[in-house]
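Worksheet: one structure, shown below.
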Amino acid sequence: NILGLTETLTVFLLISTLIFYFHFKLNSFLPAILGLLMLTRYEAWLLSGFLVLTLFFQGRKKSFFSCIFVMALIFLV
């Protein structure tokens, strides 16, 4: 995009993902925001991978599997 709108959208989605992860503890919104984040830029795949690994090591199995499912769906598309 020549207007550079993807960077601002990526940062907005990344900040909202971190807010939902740390502040609200609403794990049901994480896969949806993570999926939108991964659709905006390729660098978001790396950041979402770190978040999914963090979910795995913290023992949040339900959130981990739902985020892995979203990542697999987006990878297949």
Side-chain angles (χ1 to χ4, degrees):
N1 193 349
I2 60 170
L3 297 176
L5 295 176
T6 58
E7 288 86 5
T8 56
L9 180 63
T10 303
V11 170
F12 171 71
L13 290 172
L14 180 63
I15 290 172
S16 63
T17 302
L18 294 176
I19 286 172
F20 277 113
Y21 181 73
F22 289 114
H23 185 64
F24 294 120
K25 305 289 185 194
L26 295 174
N27 295 330
S28 60
F29 290 113
L30 273 178
I33 295 175
L34 195 71
L36 289 174
L37 179 68
M38 289 169 27
L39 287 174
T40 55
R41 294 185 58 90
Y42 292 116
E43 293 89 5
W45 280 86
L46 178 69
L47 299 172
S48 62
F50 286 138
L51 181 66
V52 169
L53 282 177
T54 306
L55 287 172
F56 177 72
F57 289 128
Q58 285 187 348
R60 298 182 184 180
K61 300 293 183 190
K62 184 178 178 183
S63 299
F64 171 73
F65 285 121
S66 58
C67 288
I68 287 291
F69 181 69
V70 168
M71 288 176 78
L73 285 178
I74 291 176
F75 180 74
L76 291 175
V77 170

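Along the sequence shown, residues are numbered consecutively beginning with 1.
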(message) If I take atom CZ from residue F69 and atom CD1 from residue I74, how far apart are they, to the nearest 0.5 angstrom?
(response) 11.0 Å
(request) Can you see which heavy atom on S48 is nearest to which on L34, and at what distance? (result) CB-CD1, 3.3 Å
(message) Quick check for you: to the nearest 0.5 Å, what is the distance between L39 atom CG and T10 atom OG1?
(response) 10.5 Å
(request) Enter the distance from L46:CG to L51:CG here, rounded to the nearest 0.5 Å. (result) 11.5 Å
(message) Quick check for you: to the nearest 0.5 Å, what is the distance between M38 atom CE and T17 atom OG1?
(response) 11.0 Å
(request) Could you tell me which non-hydrogen atom of K61 sits nearest to which non-hydrogen atom of F56, and how far apart they are? (result) NZ-CE1, 3.6 Å
(request) Please answer: with hydrophobic residues joined when any side-chain heavy atoms are less than 4.5 Å apart, are L55 and L73 in the same cluster? (result) no
(request) Would you give the length of the straight line joining atom CG of L14 to atom CD1 of I33, rounded to the nearest 0.5 angstrom? (result) 10.5 Å
(request) Find the distance between CG (L37) and CD (E43) and round it off to the nearest 0.5 Å. (result) 10.5 Å
(request) Report whether F64 and F50 are members of the same hydrophobic cluster (ILVMFWY, side-chain heavy atoms less than 4.5 Å apart, transitive linking). (result) no
(message) Quick check: closest heavy atoms across C67 and V52, and the distance to 0.1 Å?
(response) CB-CG2, 3.8 Å
